Amino acid sequence: MKVLKFGGTSVGSPERMKKLFSIIESQPSEKHIIVLSAVSGTTNSLEQIAKNYLKGDKELAITQVQNLYEKYQVFVSELFVSVEGLNDGQNLIDHHFKLLEGLANDLFTQVEERIVLAQGELLSTALFHYYLKEQAISSVLLPALDFMRLDADQEPDYEYMTSKLGGIMKQYSSDTLFITQGYICRNNFGEVDNLRRGGSDYTASLIGAVLLADEIQIWTDIDGFHNNDPRCVSNTKAIEQLSFDEAAELAYFGAKILHPQSVFPAKKFNVPVRLLDTLLPDAKGTLISESTQSDGKIVAIAAKDGITAIRIHSSRMLLAYGFLRRVFEVFERYKVPIDMITTSEVAVSLTIDETIHLEEIVRELEHFGNVDVDSNHSIICVVGDFKTKTHGHATIVTEAVKHIPVRMISYGGSEHNLSILVPEQHKIETLRSLHNRIF
Ligand code: ADP
Ligand code: ASP
Ligand code: MG
């Protein structure tokens with residue numbers, strides 16, 4: 001069994017959507033599970049619509065709903081040729097857009113917001129299913145809301161998903177082609193929820209993991225995982241092979257090609273992930289598995305924006321034990337993850353990317369000493385083989401950034417990551433300078 005996920009641009013136009021089946025067919029497997037994102041731009045529009053409903057600006061929200069509806073009318077008219085296909089498509093979009101417009105009549109809360117955000121994947125998957133039907137290709141449309149679930153900590157509920165999806169697959173044991181929605185799920189209250197922006201990768205990885213698929217394929221608009229952010233640096237190149245740990249670090253630290261958490265399920269169940277390009281289906285792409293080719297080398301660089309650094313300076317830290325535990329407990333109470341940390345004898349600096357509880361956190365940390373907060377920073381993450389037998393990598397990195405005001409450096413946390421924290425306005429310069437020096 002293979003899980004194939006197609007991103008927003010891969011389903012971004014009727015012409016693109018029509019090409020998917022030939023890619024699916026070319027991947028030998030007994031069963032294919034297709035995970036689709038929303039048509040590109042749709043989730044952004046839905047976010048705007050929900051924002052305006054939340055603000056109470058119903059008129060603007062409805063205008064935006066109508067504008068999006070018009071785009072889908074064109075999409076339907078270009079995707080289908082038969083009367084039945086055109087009817088299926090038209091009825092489908094009428095149903096979803098009536099729901100979006102109807103939300104103007106009721107109380108609009110964050111529950112409704114998440115229902116709005118779910119419409120993009122519900123539309124794209126049903127459109128593709130009807131398109132296959134028009135081509136006389138049989139497929140099963142599986143509602144992700146029936147089996148994708150988060151627990152009370154917003155973590156995937158593996159047990160539930162394994163039993164639910166396993167049961168569904170048994171029910172359709174003679175079928176071979178399945179289509180489902182990326183990104184959307186239910187939370188532990190049973191409400192419609194999602195896996196955060198870019199979450200379709202995470203869906204594919206979770207499905208591949210719980211069904212122990214032979215492979216998870218992420219089909220996107222670039223020929224694999226590049227050694228640096230192609231949006232900021234020119235001359236980047238696709239990497240043939242990455243280990244799960246290397247890919248996880250890069251995704252977590254900002255490489256947009258993969259959702260930050262999407263490598264963990266695949267790694268947990270040892271299912272290889274292949275990144276492939278819909279426009280160049282024969283290109284090699286990147287294979288993410290247990291093995292790596294980095295062998296003493298630096299393989300890639302990524303950057304994550306919106307980072308806040310917090311320094312706690314305390315003379316009480318000197319020779320004291322238990323100090324860091326008390327600091328960490330503050331972040332734990334607010335469920336705020338810490339990304340980077342560096343310490344000296346009298347101070348500790350750490351970074352967070354979630355600032356909703358920043359004020360409360362700072363207030364509590366002030367009990368321990370002086371607290372400084374620096375916002376608008378970027379973590380630059382350099383990934384490769386940094387086992388202790390290798391040497392010289394830190395020098396290359398520090399040499400490359402000698403003209404940049406570096407706020408923190410973290411090295412030795414894992415065997416494949418060296419991170420530096422720089423002010424956001426120096427991010428691109430840092431990425432380019434490291435790229436020129438390393439590759
Ligand atoms: P999809 O809609 O298919 O999920 P995304 O836009 O989420 O696609 O991810 C693909 C994009 O990620 C690429 O077009 C590229 O601009 C960006 N990107 C950022 N960092 C990298 C990287 N290291 N390697 C490849 N692509 C990257
Ligand atoms: N449609 C969602 C988004 O735009 C999920 C995804 O594309 O992966 O974020
Ligand atoms: Mg994506």
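In listed order, ligands and their atoms are each counted from 1. Values in this document were obtained by computation on a predicted structure and should not be read as measured data.
Remark: ligand 1 atoms within the under-4.0 Å shell around heavy atoms of Lys256 are 5 (P), 6 (O), 7 (O), 9 (O), 12 (O), 19 (C), 20 (N). Shown in contact with Ile222 at under 4.0 Å from a heavy atom are these atoms of ligand 1, numbered in order with element: 13 (C), 25 (C), 26 (N). The contact set between ligand 1 and Arg231, taken as ligand atoms under 4.0 Å from a residue heavy atom, comprises 16 (O), 19 (C). Atom numbering of ligand 1 starts at 1 in the shown order; those under 4.0 Å from a heavy atom of Phe225 are 23 (N), 24 (N). Short contacts between ligand 2 and Ser37, defined as distances under 4.0 Å to a heavy atom of the residue, involve ligand atoms 6 (C), 7 (O), 8 (O). Close contacts of ligand 2 with Arg197, meaning ligand atoms under 4.0 Å from a residue heavy atom, involve 3 (C), 4 (O), 9 (O). Near Gly224, the atoms of ligand 1 lying under 4.0 angstrom from a non-hydrogen atom of the residue are 24 (N), 25 (C).
In this structure, Lys5 has a heavy atom closer than 4.0 Å to ligand 1. Ligand 2 is approached by Gly199 to a heavy-atom distance shorter than 4.0 Å. At least one heavy atom of Asn228 sits less than 4.0 Å from an atom of ligand 1. Distances shorter than 4.0 angstrom do not occur between any heavy atom of Gly120 and any atom of ligand 2. The closest approach between Gly254 and ligand 1 stays at or above 4.0 Å for every heavy atom of the residue.
When heavy-atom distances to ligand 1 are checked against a 4.0 Å cut-off, Pro230 comes that close only through its side chain, counted from C-beta outward. Proximity of Glu121 to ligand 2, defined as any heavy-atom pair under 4.0 Å, is confined to the side chain (atoms from C-beta onward).
Using a 4.0 Å cut-off between a side-chain N of Lys or Arg and a carboxylate O of Asp or Glu, Asp193 and Arg186 do not qualify as a salt bridge. Salt-bridge annotation for Lys133 and Asp88: present, with a side-chain N of the basic residue lying under 4.0 Å from a carboxylate O of the acidic one. Between Glu424 and Lys427 there is no salt bridge, since none of the side-chain N atoms of the basic residue sits less than 4.0 Å from a carboxylate O of the acidic one. Note on Lys55 versus Asp57: no salt bridge recorded, every NZ/NE/NH1/NH2 to OD/OE distance being 4.0 Å or above.
Counting heavy atoms only, Ile257 comes closest to atom 12 (O) of ligand 1 of the residues Thr286, Ile257, Thr236, Thr9.
Close N/O approach between Asp201 and ligand 1 is not found [any backbone or side-chain N/O within under 3.5 Å]. At a 3.5 angstrom cut-off on N or O pairs, Ala255 does not count as close to ligand 1.
The closest protein non-hydrogen atom to atom 8 (O) of ligand 1 is Thr220 OG1, 3.1 Å.
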